[in-house]
Amino acid sequence: MKNYDHKKIEKKWQSTWEDQALYKVEDKVEGKDNFYQLVEFTYPSGNLHVGHWYAFAVPDIFARYKRMQGYNVLYPMGFDAFGLPAENAAIKLGADPKVWTHTQMDTMRAQLRSMGASFDWDREVVSCEPEYYKWTQWLFNQFLKNDLVYRDITKVNWCPKDQTILANEQVVDGKCERCGEEVEQRNQEQWMIRITKYADRLIDDLDGLAWPDEIKAAQRNWIGRTEGSEIDFKIKDTSESIKVFTTRADTIYGVTYVVLAPEHDLIKSLESKIENIKDVEKYINDTKKKSELDRKQSKEKTGVEVKGLKAINPINNEEVSIWIADYVLSGYGTGAVMAVPAHDERDYEFAKKYNLEIKRVIEPVFFSSDSPLKKDLPIISRNCVCAIIRNPKDGKYLCSVWRDILMHGLITGGIEEGEDMVEGALREIYEETGYKNLKLVNNPEVAIHSFFFHRKKEINREAKFNYLFFDLINEEQDPISEEEAAIHDVVWKTRDELNNFFSVIEGEFVLLLIDNNGQYMFTGEGILTNSKDFNGLNSEEAREKITKAVGGKIVKTYRLRDWGISRQRYWGCPIPIVYDPEGKVHPVPDEHLPWILPTDVDHTPDGTSPLARSKELFDRTEKIFGKGWKPEVETMDTFVDSSWYFYRYLDNKNKDEFASKERMKAWMPIDLYMGGAEHTTMHLLYSRFWVKAMYDLKLVSDDEAYKVRRNRGLILGPDGNKMSKSKGNVINPDEIVDLLGADTVRMYLAFMGPYGLTVNYPWDPNGVVGVRRFLERVWRFKDKLSEGTTTSLIHKAIKKISEDMEEYKFNTSISQMMILLNEWDKQESIAKDEYKLLLKLLAPFAPHMTEELWSLIGEKESIHLQAWPKWDKDKIVDNTLKLVIQVNGKVRTEISVESDKGEEDIKKEALANEVIIPWIKDKEVKRVIYVKGRLINIVV
RNA sequence: GCCGGAGUGGCGGAAUUGGUAUACGCGCGCGACUCAAAAUCGCGUCUCGCAAGGGAUGAGAGUUCAAGUCUCUCCUCCGGCACCA
């Protein structure tokens, strides 16, 4: 019979489906629930690579599966068509960006069709079309009216090569994300969007989203919310004060100086009082010259003291010096910090360089070995970090103690006969460090609670800890004897008991915590006082109390900045703003939208916007608004275009609204959004903001658009590296499709591993052939059909495959079909009904081939309109069970029993089994465990 | 440094969620068909051992009748953030 000719089959069905409008989606279908599955619309780069296949063809498998399950599935596609590459092509090739973009889109549409994806092309959205950007502009104006858009002078990232402003997100390691050129800082007026107003909601609402943790965590990091305190440090003999931001108000006793960022305003206003104003100004100017990159890269801390001024520590009225240093950033917090060198690594570095005082905080906080001072400690070996032992006489740190003391003791067998594990550890401390001036304290009372705070780890509340407490003895005293150093006291306490076990003694200590398995948990050092003020407080509570005591306030600060959307570029959505002769801002009224992008421009970049050279745009503005009126000549960041495109798919031809309420009600929120991990902190965050803003303006009825989001990884070259021309490891999908067919490529991509994880898979040229072999075997079965009924084999497969599909584990779905086929191969023939079931299971993966086979066996209606198979529960049940018999957890043999056999009988049979008898004879059977349908374990 | 994710054969990866570790595919080896090759089919393929059996899921410990899976201490790799106070 006929061979599997993928070329013929795929071409044939693609055009048939199109003729029949098989994938046309109605907004409502009687008896079906709607399912909106979205993938990120694509940039029209003009050539489909393997990444596109992975992004669109694999989700298509899921869309088809959902459709067969009886959902009315919307799976649309469109083009994110504005952006730099079109404009660069215009500059390079002298082409019209619009024409260039359309050519690219035509190529891509043809390639996308070759995937056999079930897109409804009638709903296509193209962001550079006036019908689309009219609504981008309309939304911009809505935001403007509601104070979500403003114009401001800000420091912007400027790419000298692309001659444009970049968003923070587009700067990677101080370089332009696109061209790799080093980014410069410029002050420029531009249009800003108040995304920071939504920072809290963008973080807090993540909790309610069924998204993977990795995505949520990345967004939280990106927004970077920190809770801390703002505290005023008055400047002596002036009316001014310095507002500092700190997350460690509890260390305020340790402040030895205050630092301002070089950009800080205060310097100007106090100029006259600064004795060394020349030096100060020189330092500020020198810093300005340094680029952002230089500033970050320079390891050495620099700064200058502001002489003639002193700040006053509000907790104890101590006078401290004021410094300017560029390790303090103007854009974060208040641009000023209180320096606590004993408890902050950066302050410590700075203090050391300029010989500033390093003062320990005397309060009952238990300091973990995170202390920056540990840097000074001798590291004895690779496996050794330290508990800190300090000489109280001069405050110098004497030595470190084995961090892994107990582990070490165990591993090296360091414990001698008759010696307690802990004793052994202690002896090793002496031997390894040579310091003998340690004494174990009897029944110490310490602020151990902070231990838990510093660990930031939830530790099993029931776990018991054995603590050892070493007191530090002044060297002038007699070293204690070995006998004395033996363990006096081992107390077991639960975490809750430890938390309550708080009162304060004076002294210095080293602490080891050992869990109830004798395992080492923690080592730390600290200073204790009898300060009553913070008795019983943990660090967090201490912070609050101190902040209050000095008249400060608890504030939140964010890493996220407002979103600058102005671009000095041609190929983008024109910002619908005009200026009257006085220079006042006016939005272009709705009736003049879309505010068309003019075509009479020279694209050559010179740092100004190409639109400034459009006569048509200026004429149009004057004609509509009057003489002297001028148009805005900037265009929008393309992330604005992509922030709302998923609404437009629903109603792409609507002339009166961006989408009708009914259509949005029918489809939103999106059930599943699959996309690239690279968009986690950009498009995904911007669009979440956009949707929330639209929600607040009552334009949409959900404040989150994506119910489920899955990120995908990359397809790597066969060598395991990212595909790149320079590496010569690029796989061209068109060639493989030509050779093996679209069905094979789709299916291979699904077979590589689970979908929807940020995991990269290398393309294996042999692996893809394996999938093709499988399809050919399915093909050949069409000649081995017979009458008959379905068996348990296929029903088990249906169950397993259906379950795996729900979790996007297409790889195991496929392997299940392969297992099925391997079984079939052992048979002379298979029932036609079974074959039909397999074809249906395979249809989402290999839509063309299954459609062809479906029609070859005489079916008239498309296989893609068939219902997903259901498994027959009764047929899955086996009447014999295979049970494993274990002895002491080791598998010894296997038996078959009737499935209705009772537990006692099964146990009896197992004990009487001839393979088992030698294993259990002469021994007492202590227990027999039966796990239903799985195994019997005999414990002897 | 902080926050996420992950470590299982030569490779991509499975493992009914604590119950027969290594499914399925690739690769490799042997064989069949063939004058030959390709394709196809069959058998084998974690490791030590002739075998009986033993040992392996990054390392070490713990809980359990039973651990890839749970707990703890580490190590390594990938991703995000980072002079962010």
Side-chain angles (χ1 to χ4, degrees), chain A residues 212-224 226 228 244-248 251 259 295-296 298-299 301 325-329 331-334 336-340 343-347 349-350 370 383 404 406-407 410-411 456 459-460 463 515-522 557-559 677 680-681 711 713 720 748 751-754 757-771 773-774 776-777 780 799-800 803 809 811-812 814-819 822 825 882-891 894 926-929 931-940:
Chain A
D213 285 340
E214 72 203 49
I215 302 178
K216 294 189 193 182
Q219 290 209 349
R220 283 193 198 102
N221 277 347
W222 185 265
I223 297 167
T226 313
V244 304
F245 176 76
T246 179
T247 56
R248 289 296 306 275
T251 63
V259 197
R295 252 172 96 162
K296 275 183 185 164
S298 64
K299 284 165 207 123
K301 291 219 171 357
D326 65 1
Y327 79 91
V328 173
L329 308 175
Y332 187 79
T334 58
V337 302
M338 58 180 220
V340 188
H343 302 282
D344 183 280
E345 215 166 302
R346 295 151 303 186
D347 296 341
E349 242 177 76
F350 191 79
D370 296 343
N383 295 322
D404 291 288
L406 298 174
M407 298 272 276
L410 291 169
I411 297 161
K456 287 184 192 158
I459 291 167
N460 184 1
D515 75 7
N516 55 355
N517 295 322
Q519 285 201 36
Y520 157 83
M521 299 280 303
F522 181 72
T557 177
Y558 305 88
R559 203 197 74 97
T680 301
T681 54
N711 278 357
Y748 173 61
F751 187 56
M752 289 195 294
L757 304 173
T758 315
V759 175
N760 304 332
Y761 302 114
W763 178 277
D764 178 357
N766 290 314
V768 70
V769 173
V771 171
R773 276 204 277 266
F774 167 74
E776 281 176 4
R777 285 170 68 201
R780 273 184 256 129
K799 180 168 189 279
K800 170 83 171 128
E803 285 164 0
K809 286 155 86 173
N811 57 330
T812 48
I814 294 168
S815 82
Q816 195 58 42
M817 289 188 251
M818 290 171 168
I819 292 168
N822 289 346
D825 259 338
K882 244 200 229 166
L883 294 177
V884 160
I885 309 180
Q886 300 181 334
V887 178
N888 287 339
K890 287 219 160 79
V891 179
E894 207 178 86
K926 289 183 193 133
R927 269 173 88 180
V928 181
I929 292 142
V931 182
K932 206 167 172 243
R934 304 224 60 88
L935 56 79
I936 302 134
N937 189 13
I938 302 165
V939 186
V940 291

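All chains are named by letter (A, B, ...) in the order of the sequence lines, taking the proteins before the strands, and each is independently numbered beginning at 1.
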Under-4.0 Å side-chain N/O to phosphate OP1/OP2 contact, A:Tyr332 with B:A85: yes
Please report the distance, rounded to the nearest Å, between CD1 in A:Ile929 and P in B:A67. 12 Å
Which value, in whole Å, describes the distance between the P atoms of nucleotides B:C75 and B:A66? 29 Å
Between B:G55 and B:A21, how far apart are the two P atoms, rounded to whole Å? 12 Å
Taking syn as within 90° of 0 and anti otherwise, name the glycosidic form of B:G9. syn
Any-strand Watson-Crick or G-U partner of B:C72, both distances under 3.5 Å: B:G60
Identified pairing partner of B:G1, criterion: Watson-Crick or G-U wobble below 3.5 Å: B:C81
Once hydrogens and angles are ignored, does a donor-acceptor distance under 3.5 Å link the base of B:C65 to the side chain of A:Asn937? yes
Inter-nucleotide C1' distance (B:G13, B:C48), Å rounded: 26 Å
Distance between C1' atoms of B:G9 and B:A23 (Å, rounded): 13 Å
Considering every strand and a 4.0 Å limit on heavy-atom distances, what is the contact class for A:Thr226: base, sugar-phosphate, or nothing? sugar-phosphate
Given 3.5 Å as the limit, does a donor-acceptor pair link the side chain of A:Thr334 with the main chain of A:Phe245, or not? yes
Which base, if any, makes a Watson-Crick or G-U wobble pair with B:G9, both distances under 3.5 Å? none
Without decimals, in angstroms, what is the distance between A:Leu935 CG and B:U20 P? 7 Å
Quick one: A:Ile223 CD1 to B:G80 P, roughly how many Å, whole number? 17 Å
For A:Gly770, answer base if it contacts any base atom (sugar-phosphate contacts may also be present), sugar-phosphate if it contacts only those atoms, and nothing otherwise; contact means non-hydrogen atoms under 4.0 Å. sugar-phosphate
Answer yes or no: is there a donor N or O on one side and an acceptor on the other, between the side chain of A:Asn937 and the main chain of A:Ile929, under 3.5 Å? no
For the atom pair CZ (A:Arg220) and CG (A:Asp213), what is the distance rounded to the nearest 0.5 Å? 7.5 Å
Do any N or O atoms from the side chain of A:Tyr748 and from the backbone of A:Gly770 form a donor-acceptor pair under 3.5 angstrom? no
Got a sec: does the NZ of A:Lys216 have more than 12 other heavy atoms crowding it under 6.0 Å? yes
Let's see if you can work this out: which of B:G25, B:U20, B:C81 has an atom nearest to the side-chain heavy atoms of A:Val884? B:U20
Quiz question: going by heavy-atom distance under 3.5 Å, is there a donor-acceptor pair between the base of B:C65 and the side chain of A:Lys926? no
Considering just the side-chain nitrogens and oxygens of A:Arg559, establish if one lies under 4.0 Å of OP1 or OP2 belonging to B:A82. yes
Rounded distance in Å between the C1' positions of B:U71 and B:U64: 12 Å
Close N/O contacts between protein and nucleotides 52-54 of chain B (under 3.5 Å):
unit_1: B:G54; atom_1: OP1; unit_2: A:Arg892; atom_2: NH2; d: 3.1
unit_1: B:G54; atom_1: OP2; unit_2: A:Arg892; atom_2: NH1; d: 2.9

Give one of base, sugar-phosphate or nothing for A:Asn822, where a contact means two heavy atoms less than 4.0 Å apart. sugar-phosphate
Under 3.5 Å, which protein N or O atoms sit close to an N or O of nucleotides 12-14 of chain B? Give each pair with its distance.
unit_1: B:G12; atom_1: O2'; unit_2: A:Met752; atom_2: O; d: 2.8
unit_1: B:G13; atom_1: O3'; unit_2: A:Asn811; atom_2: ND2; d: 3.3
unit_1: B:A14; atom_1: OP1; unit_2: A:Asn811; atom_2: ND2; d: 3.1

Looking at every heavy atom in both A:Ala218 and A:Thr680, which two are closest together, and how far apart are they? CB-CG2, 3.7 Å
For A:Asn221 and B:A82, what is the distance between atoms CG and C1' respectively, to the nearest whole Å? 10 Å
Using a 90° cut-off around 0 for syn, call B:U17 syn or anti. syn
Output the single nucleotide from B:A85, B:U20, B:C3 whose closest atom is nearest the side chain of A:Ala217. B:C3
Describe the nucleic acid contact of A:Ile819 in one word from base, sugar-phosphate, nothing, applying a heavy-atom distance below 4.0 Å. sugar-phosphate
Could you state the atom-to-atom distance from CG of A:Leu757 to P of B:G4 in whole Å? 18 Å
Does any nucleotide pair with B:U45 by Watson-Crick or G-U wobble geometry, both distances under 3.5 Å, and what is it? B:G27
Distance between the P atoms of B:U47 and B:A37, in whole angstroms? 29 Å
Between A:Tyr327 and A:Phe350, how do the two ring planes meet: parallel, tilted or perpendicular, split at 30° and 60°? tilted
Given B:C81, is OP1 or OP2 found less than 4.0 Å from the side-chain N or O atoms of A:Thr681? no
List every contact pair, protein side and nucleotides 38-48 of chain B side both N or O, where the distance is under 3.5 Å.
none

Note, A:Asn822 side chain near A:Arg777 side chain (heavy atom, < 4.5 Å): yes
RNA chain B: 5'-proximal contact among A:Gly889 and A:Lys882 (nearest heavy atom): A:Lys882
Mind checking if A:Glu894 touches a base, just sugar-phosphate, or nothing, with heavy atoms under 4.0 Å? base
Just checking A:Gln886: base, sugar-phosphate only, or nothing, at a heavy-atom cut-off of under 4.0 Å? base
A:Val337 has its side chain closest, among B:U20, B:G4, B:A85, to B:A85
Determine the Euclidean distance between corresponding P atoms of B:G25 and B:U40; express it in Å to zero decimal places. 13 Å
With a 4.5 Å limit on heavy-atom distance, are the side chains of A:Glu214 and A:Thr758 in contact? yes
Do the side-chain N or O atoms of A:Arg248 get closer than 4.0 angstrom to the phosphate oxygens (OP1, OP2) of B:A85? no
Inter-nucleotide P distance (B:G4, B:C72), Å rounded: 14 Å
Keeping the roles fixed (side chain from A:Tyr761, backbone from A:Pro754), state whether a donor-acceptor pair exists under 3.5 Å. yes
Mapping A:Asn888 and A:Asn766 onto RNA chain B by nearest heavy atom, which one lands closer to the 5' end? A:Asn766
